[in-house]
Amino acid sequence: MKLKGDLYVVDKNSPLPLYYQLEEQIKKTIETEELQPGDALPSERELSESYQISRMTVRQAITNLVNKGYLFREKGKGTFVSSQKFEQNLQGLTSFTEDMKARNLVPGSKLLHFEIYPADKDIRATLSLKDEELIYKIKRLRLANNEPIAVETSYLPVSLVPGLTPDILASSLYTYIENELELTIGHASQTVEAAIVDAEDQQHLHINKGVPVLLIQRETFLENGTPLELVRSSYRADRYKFKIDIERK
Ligand code: 16G
């Protein structure tokens with residue numbers, strides 16, 4: 001990183017903590033694209049010498065920026081600037097495949113679990129199923145240009161979506177539902193909340209222990225109101241953000 005002139009200065013008399021001042025300066029160099037995605041950050045030692053602050057202060061600033069998704073660390077190599085976060089508009093009922101293609105990224109899926117079993121009480125209630133009706137439980141790791149983005153667990157009634165196979169799930173579920181089964185997906189209700197992933201998903205997503213994710217639950221219905229799917233997904237909060245356009249009526 002080439003920090004220019006006055007950027008080398010932190011104000012030791014300011015009430016703002018030094019780590020925060022450094023954090024803001026590094027953030028500025030990323031936002032103004034002085035530092036580009038993939039660029040290496042100077043070492044902790046170099047930063048501590050240039051700014052005349054302790055390495056602990058530098059480390060604190062860097063850790064905060066890693067946790068906020070601006071930087072990422074690679075063992076033995078250093079700290080680098082992350083790519084921009086993927087932004088998804090919450091207005092449209094789109095599929096993961098459509099979202100990624102719209103950004104010119106190559107969508108990918110890795111099937112982690114595929115099972116057919118009689119729905120338990122909770123899922124039965126959400127999907128308005130009769131007793132003992134069979135459902136699919138599908139867990140997929142979703143990727144963009146081979147980078148893990150989300151872990152997605154979906155429940156769908158077998159009677160509504162017959163013939164689903166691991167092969168089909170390697171590409172788009174919605175394409176199969178709409179093009180092969182000729183069903184019309186109508187609307188969905190979705191919630192987003194912060195959560196901490198379990199150890200298994202943390203490994204799939206390549207994130208550190210304790211790093212928050214965006215937990216999204218979607219209930220999707222066909223045009224005629226029949227419940228189609230219940231999906232719980234953990235999205236990497238360091239790589240993904242959701243956008244909502246709001247209007248004052
Ligand atoms: C999205 C949907 C999910 C749907 C999937 C189908 C969210 C939070 N979830 O990930 O409900 O099952 O797309 O994707 O947006 P596909 O057609 O690419 O398999």
Side-chain angles (χ1 to χ4, degrees), residues 85-116 119 122-123 126-129 134-195 197 201 204-205 207 212-245:
K85 283 189 184 184
F86 300 117
E87 187 174 277
Q88 190 192 332
N89 201 312
L90 281 177
Q91 251 84 26
L93 208 186
T94 48
S95 72
F96 185 86
T97 303
E98 289 163 345
D99 288 341
M100 294 306 127
K101 284 187 175 164
R103 296 183 182 91
N104 288 323
L105 299 167
V106 181
S109 276
K110 186 178 167 208
L111 190 58
L112 303 171
H113 183 92
F114 182 79
E115 188 186 355
I116 295 178
D122 279 359
I123 307 283
T126 312
L127 294 177
S128 307
L129 298 175
L134 292 176
I135 53 159
Y136 299 101
K137 179 180 177 185
I138 299 151
K139 189 167 174 178
R140 290 188 289 173
L141 177 66
R142 309 305 308 254
L143 308 123
N145 284 355
N146 276 324
E147 184 190 359
I149 296 294
V151 174
E152 192 176 80
T153 306
S154 321
Y155 303 87
L156 301 103
V158 175
S159 58
L160 202 57
V161 189
L164 212 49
T165 61
D167 263 4
I168 294 167
L169 293 165
S171 58
S172 169
L173 171 66
Y174 278 14
T175 301
Y176 176 72
I177 291 172
E178 294 182 319
N179 296 358
E180 298 297 319
L181 301 178
E182 297 182 352
L183 297 170
T184 308
I185 298 173
H187 71 281
S189 145
Q190 194 162 293
T191 56
V192 182
E193 59 193 301
V197 271
D201 288 354
H204 291 310
L205 291 173
I207 54 175
V213 289
L214 295 165
L215 185 70
I216 301 176
Q217 178 157 318
R218 183 189 277 191
E219 293 170 32
T220 313
F221 302 83
L222 296 180
E223 208 182 27
N224 64 14
T226 309
L228 170 71
E229 64 169 4
L230 166 66
V231 185
R232 295 193 181 112
S233 319
S234 298
Y235 278 77
R236 282 178 53 169
D238 60 339
R239 302 292 294 108
Y240 220 84
K241 64 179 170 188
F242 291 92
K243 183 181 163 202
I244 312 170
D245 290 319

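Just follow the structure's listing: the first ligand is 1, and inside any ligand the first atom is 1.
- The distance from atom CZ of R142 to atom CG of D99, rounded to the nearest 0.5 Å, is 9.5 Å.
- Considering only residues two or more places apart in sequence or on other chains, L181 meets the side-chain contact (heavy atoms from CB on, under 4.5 Å) condition with V161, P162, Y176, L183.
- Between S171 and S109, the shortest heavy-atom contact is O-OG, 4.2 Å.
- Partners of D201 under the salt bridge (charged side-chain N to carboxylate O under 4.0 Å, His left out) rule, at least two apart in sequence or in another chain, are K139.
- For F114, the ring-ring contact (aromatic ring centres under 6.0 Å, His included) partners are Y136, not counting sequence neighbours.
- Under 3.5 Å, the side chains of T226 and N224 contain a donor-acceptor pair of N or O atoms.
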For ligand 1, output the ligand-protein N/O contacts shorter than 3.5 angstrom; if there are none, return none.
residue, atom, partner, partner atom, Å
ligand 1, 10 (O), E152, OE2, 2.5
ligand 1, 11 (O), E229, OE2, 2.9
ligand 1, 12 (O), E229, OE1, 2.9
ligand 1, 13 (O), F96, N, 2.9
ligand 1, 14 (O), F96, N, 3.4
ligand 1, 14 (O), R142, NH1, 3.4
ligand 1, 15 (O), R218, NH2, 2.8
ligand 1, 17 (O), S172, OG, 2.5
ligand 1, 17 (O), L173, N, 3.2
ligand 1, 17 (O), Y174, N, 3.0
ligand 1, 18 (O), T97, N, 3.0
ligand 1, 18 (O), T97, OG1, 2.4
ligand 1, 18 (O), R142, NH2, 2.8
ligand 1, 19 (O), R140, NH1, 3.2
ligand 1, 19 (O), R140, NH2, 2.8
ligand 1, 19 (O), R142, NH1, 3.4
ligand 1, 19 (O), L173, N, 2.8

